[in-house]
Protein chains: 2
Amino acid sequence: MPEPEQRKRVTITDVAQHAGVSTAAVSKVLRNAYGVSAAMREKVRASMTALDYRPHAAARGMRGRTYTIGVLLDNIRNTFFADILDGVRDQLRDSDYTIMIGAAGFGARDQAKVIRSMVDRQMDGLILIAPGTPREEVLAVARDTPTVVIGHHDASDAHDSVADADAAGAALVVDHLVALGHRDIALVSSPGSRASHWKQTPEIELTRGYTQAMERHGLGDHVQICKAAYSDEGGRKAGLHLLSAARRPTAVMTGADVAALGVWRAAHDVGLRVPQDVSIAGYNNTAVADLATVQLTSVDQAGHDMGATAARLLIERVEGRRDRAVQATMTPRLVVRSSTTAPTAAPEQV
Amino acid sequence: MPEPEQRKRVTITDVAQHAGVSTAAVSKVLRNAYGVSAAMREKVRASMTALDYRPHAAARGMRGRTYTIGVLLDNIRNTFFADILDGVRDQLRDSDYTIMIGAAGFGARDQAKVIRSMVDRQMDGLILIAPGTPREEVLAVARDTPTVVIGHHDASDAHDSVADADAAGAALVVDHLVALGHRDIALVSSPGSRASHWKQTPEIELTRGYTQAMERHGLGDHVQICKAAYSDEGGRKAGLHLLSAARRPTAVMTGADVAALGVWRAAHDVGLRVPQDVSIAGYNNTAVADLATVQLTSVDQAGHDMGATAARLLIERVEGRRDRAVQATMTPRLVVRSSTTAPTAAPEQV
DNA sequence: GAGAGTTTGTATAACGTTCTCCACGCGAAG
DNA sequence: CTTCGCGTGGAGAACGTTATACAAACTCTC
């Protein structure tokens with residue numbers, strides 16, 4: 001037999017013909033819609049498997065749903081996002097939905113482009129992880145497409161939110177370091193984008209928690225904050241700045257593990273040992289923090305739970321089972337490892 | 001004025017009306033098709049920007065292209081894939097194409113599901129990074145959708161391929177270790193999947209390169225291969241097995257940095273120092289290898305170039321500028337860091 | 001100026017779904 | 001025997017785009 005040059009896709013019409021019914025009937029079975037007898041359902045299902053039918057998602061997008069969930073993230077290198085994603089995946093595993101990830105980078109413009117792409121592809125729902133896109137744009141998108149924002153604390157009735165109690169997390173670290181005897185505790189946090197109009201980003205919350213905790217311990221005038229990109233290089237720069245200053249902190253905490261490792265590199269560069277000369281704490285408790293050669297004290301944010309919660313909330317909205325916005329907040333947990341210890345010299349007094 | 005309850009999307013019809021032309025004309029301008037005057041193009045372009053028109057990708061999918069490229073990867077935690085992805089992104093930055101990532105996990109079944117999802121969403125082209133999906137299935141998909149396979153060396157005229165000369169890379173490491181004085185060099189490599197029917201996966205090539213290099217140095221009877229999943233835990237298990245055996249290797253090389261770090265953890269567990277007691281070499285030269293506290297000798301695979309090349313090849317196919325399959329091979333480069341050194345004790349003789 | 005080409009713009013039929021109506025048949029109630 | 005209601009299946013119009021086919025309007029050439 002001559003091989004079929006380009007065998008066509010099997011469509012709903014083929015299934016209908018095979019089963020001897022109308023396409024409308026097949027569609028109903030497909031969507032579990034009301035008004036099909038058991039016999040009909042049986043018959044159509046049989047034909048579908050016989051022909052190995054798969055609905056054409058692009059065509060579905062024209063009228064109804066595409067059964068696609070878009071996840072926006074800035075940086076696939078941050079393995080914390082991988083934890084979140086695993087949560088999303090686990091939650092959606094047995095559903096009909098497919099997850100498509102858009103890795104947009106840090107630029108607000110690029111992120112907006114990716115979000116628009118997802119809307120244009122008629123995705124059913126969006127999970128935006130700490131978007132740097134201007135808030136107004138996210139709100140506009142959320143008006144038409146169910147959306148969950150992860151990270152930012154800014155609530156809105158247009159979208160659901162899942163965030164971590166970052167201020168409490170920062171306080172955990174400060175308390176831990178103060179208990180060890182530290183007084184000069186510096187914070188390395190992301191610069192954020194003033195133009196995005198989000199008022200309560202993770203880094204803002206973190207800074208607030210840090211400052212308040214320091215004040216609570218009577219260390220208000222020891223507050224020292226250094227802005228740096230959450231990357232190895234960003235952390236290194238911040239570390240060099242902090243660790244080569246006249247009044248050198250005895251402990252440095254950062255808003256991301258990856259930045260903490262950069263600080264570590266800086267400590268290495270200027271000949272300081274960790275933790276003997278300087279204690280370092282990260283944030284996110286990513287896998288790298290637990291490496292044998294790293295052992296970084298960090299704050300666990302339950303990324304998996306955040307992802308799973310986000311997915312659950314989103315599907316509720318997509319399927320119209322809820323129409324009021326929800327904010328979920330996760331509780332952070334301190335994980336002490338060997339990168340933090342008591343300061344050897346007495347902390348310098350003012 | 002009453003706010004529009006749910007302002008509809010602006011469609012090609014709106015643009016046509018606004019410009020006072022037919023939808024067909026607008027479509028032509030959109031696609032840079034033949035048969036439009038400069039004046040027409042100008043006029044339509046103006047209307048498009050005036051109305052902020054964006055073509056509906058889902059609708060496009062029904063007839064033509066969706067301008068979407070799907071990238072399949074098993075594991076977002078492997079930052080080597082992030083390098084590849086950056087290459088793809090850079091190559092496609094100024095094009096009309098959007099990249100959507102499907103993170104499928106290691107299961108062949110899950111991967112197949114994601115690939116099918118991409119096909120159903122009418123994506124224009126697929127980049128599959130080291131798919132564990134059975135080869136036949138990939139070939140079937142590639143017959144209808146332009147596809148580039150990254151990693152596997154199995155050539156086919158159905159799809160393009162981009163791979164690294166893994167055998168040469170393994171030889172680089174063996175040569176380096178032998179030059180340092182090692183003789184008992186063990187390899188930790190991925191078990192792979194026998195059911196996938198790929199004959200030349202990266203791990204198979206790597207094993208071949210290792211074995212041949214060992215034989216070339218007259219160390220054929222020192223060959224020791226341990227299969228382990230490319231993960232921290234997989235590496236740790238393999239490491240415990242190797243390092244607590246009677247005939248303990250003085251050097252361990254792995255097929256992935258993440259596995260090397262697991263071996264490192266195992267060394268730690270059994271009280272061996274790296275590199276004094278055992279040298280460890282990774283593969284991929286991911287960012288973690290360069291961390292201050294890690295400094296892992298590794299093999300750089302030019303992931304960025306691989307991704308960029310794959311994207312370029314794919315677009316050529318999508319746009320019909322080429323119809324013969326191409327295989328591209330990258331050259332690996334050894335990056336020596338401090339996790340490898342000369343063995344302190346003379347290697348045990350047989 | 002007539003015929004032959006060449007541009008340029010339009011009408012319209014797909015593409016594969018969904019979903020609103022509507023028709024049909026049947027049993028129960030009046 | 002009507003009338004009503006209900007459960008079931010089907011007709012057919014969208015949805016927003018592409019691409020083919022063709023008509024109309026120009027531009028040459030002899």
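Per chain, numbering begins at 1; letters A, B, ... match sequence-line order.
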Under the 3.5 angstrom rule, does the side chain of [X] hit a backbone N or O of [Y] as a donor-acceptor pair?
X        : Y        : result
B:Asp154 : B:Lys199 : yes
A:Arg317 : A:Thr145 : no
A:Thr68  : A:Thr66  : yes
A:Arg321 : A:Ile315 : no
B:Ser27  : B:Ala25  : no

Going by atom types only, do A:His18 and A:Ser47 share a side-chain donor-acceptor pair under 3.5 Å?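 Per modelled atom types, A:His18 and A:Ser47 side chains form a pair under 3.5 Å.
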
How bent is the helix from C:dG1-D:dC30 to C:dG30-D:dC1, comparing axes over its five end pairs at each side, to the nearest 10°?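 End-to-end axis angle for the helix from C:dG1-D:dC30 to C:dG30-D:dC1: 50°, rounded to 10°.
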
If you compare every side-chain N and O of A:Ser27 against the phosphate oxygens of C:dT18 (OP1, OP2), does one of them come in below 4.0 Å?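 Answer is yes, contact under 4.0 Å.
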
N/O (side chain, B:Tyr34) to phosphate O (OP1/OP2, C:dT7) under 4.0 Å: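 B:Tyr34 to C:dT7 OP1/OP2: side-chain N or O found under 4.0 Å.
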
Hey, can you pull the donor-acceptor pairs under 3.5 Å for the side chains in residues 80-88 of chain A, sequence neighbours left out?
{"unit_1": "A:Asp83", "atom_1": "OD1", "unit_2": "B:Arg77", "atom_2": "NH2", "d": "2.1"}
{"unit_1": "A:Asp86", "atom_1": "OD2", "unit_2": "B:Arg77", "atom_2": "NH1", "d": "2.6"}

Can you sort out the partners of [X] under side chain to side chain contact (heavy atoms under 4.5 Å, CB included), two or more places apart, ordered by chain and number?
X        : value
B:Ala163 : B:His153
A:Ala158 : A:Leu139, A:Ala142, A:Ser156
A:Thr98  : A:Met100, B:Ser117, B:Arg121
B:Val326 : B:Asp160, B:Leu313, B:Arg322

Under 4.0 Å from any heavy atom of chain B: name the first and the last nucleotide of DNA chain D that qualifies, 5' to 3'.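 Answer, 5' to 3': D:dG16 to D:dA19.
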
On a heavy-atom basis, which atom in A:Ser196 and which in A:Gly132 lie closest, and how many Å separate them?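 Here A:Ser196 and A:Gly132 meet closest at CB-O, 3.3 Å.
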
A:Tyr97: what forms a ring-ring contact (aromatic ring centres under 6.0 Å, His included) with it, not counting sequence neighbours?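 If we apply the ring-ring contact (aromatic ring centres under 6.0 Å, His included) test to A:Tyr97, skipping adjacent residues, the hits are A:Tyr67.
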
Contacts of B:His152 that satisfy ring-ring contact (aromatic ring centres under 6.0 Å, His included) - sequence neighbours left out: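 B:His152 satisfies ring-ring contact (aromatic ring centres under 6.0 Å, His included) with B:Trp198 once adjacent residues are dropped.
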
Could you list the protein-to-nucleotides 20-28 of chain C atom pairs, N/O on both sides, closer than 3.5 Å?
none

Return the residues of residues 54-63 of chain B meeting this criterion: a heavy atom under 4.0 Å from some atom of DNA chain C. Order them by number, or give none.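 The stretch gives B:Met62, B:Arg63 as the residues lying under 4.0 Å from the strand, ordered by number.
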
Hey, can you pull the residues of residues 37-52 of chain B with a non-hydrogen atom under 4.0 angstrom from DNA chain D?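 When residues 37-52 of chain B is checked for heavy atoms under 4.0 Å from DNA chain D, there are no hits whatsoever.
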
Using whole Å, what does the distance between atom [atom2] of nucleotide [N] and atom [atom1] of [X] come to?
X        : N      : atom1 : atom2 : value
A:Asp14  : C:dG16 : CG    : P     : 9 Å
B:Asp120 : C:dC15 : CG    : C1'   : 15 Å
A:Asn32  : C:dT18 : CG    : C1'   : 14 Å

Heavy atoms from other residues, nucleotides or ligands near CD of A:Glu319 exceed 12 (cutoff 6.0 Å):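 Counting neighbours around CD of A:Glu319, more than 12 heavy atoms of other residues, nucleotides or ligands fall under 6.0 Å, so yes.
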
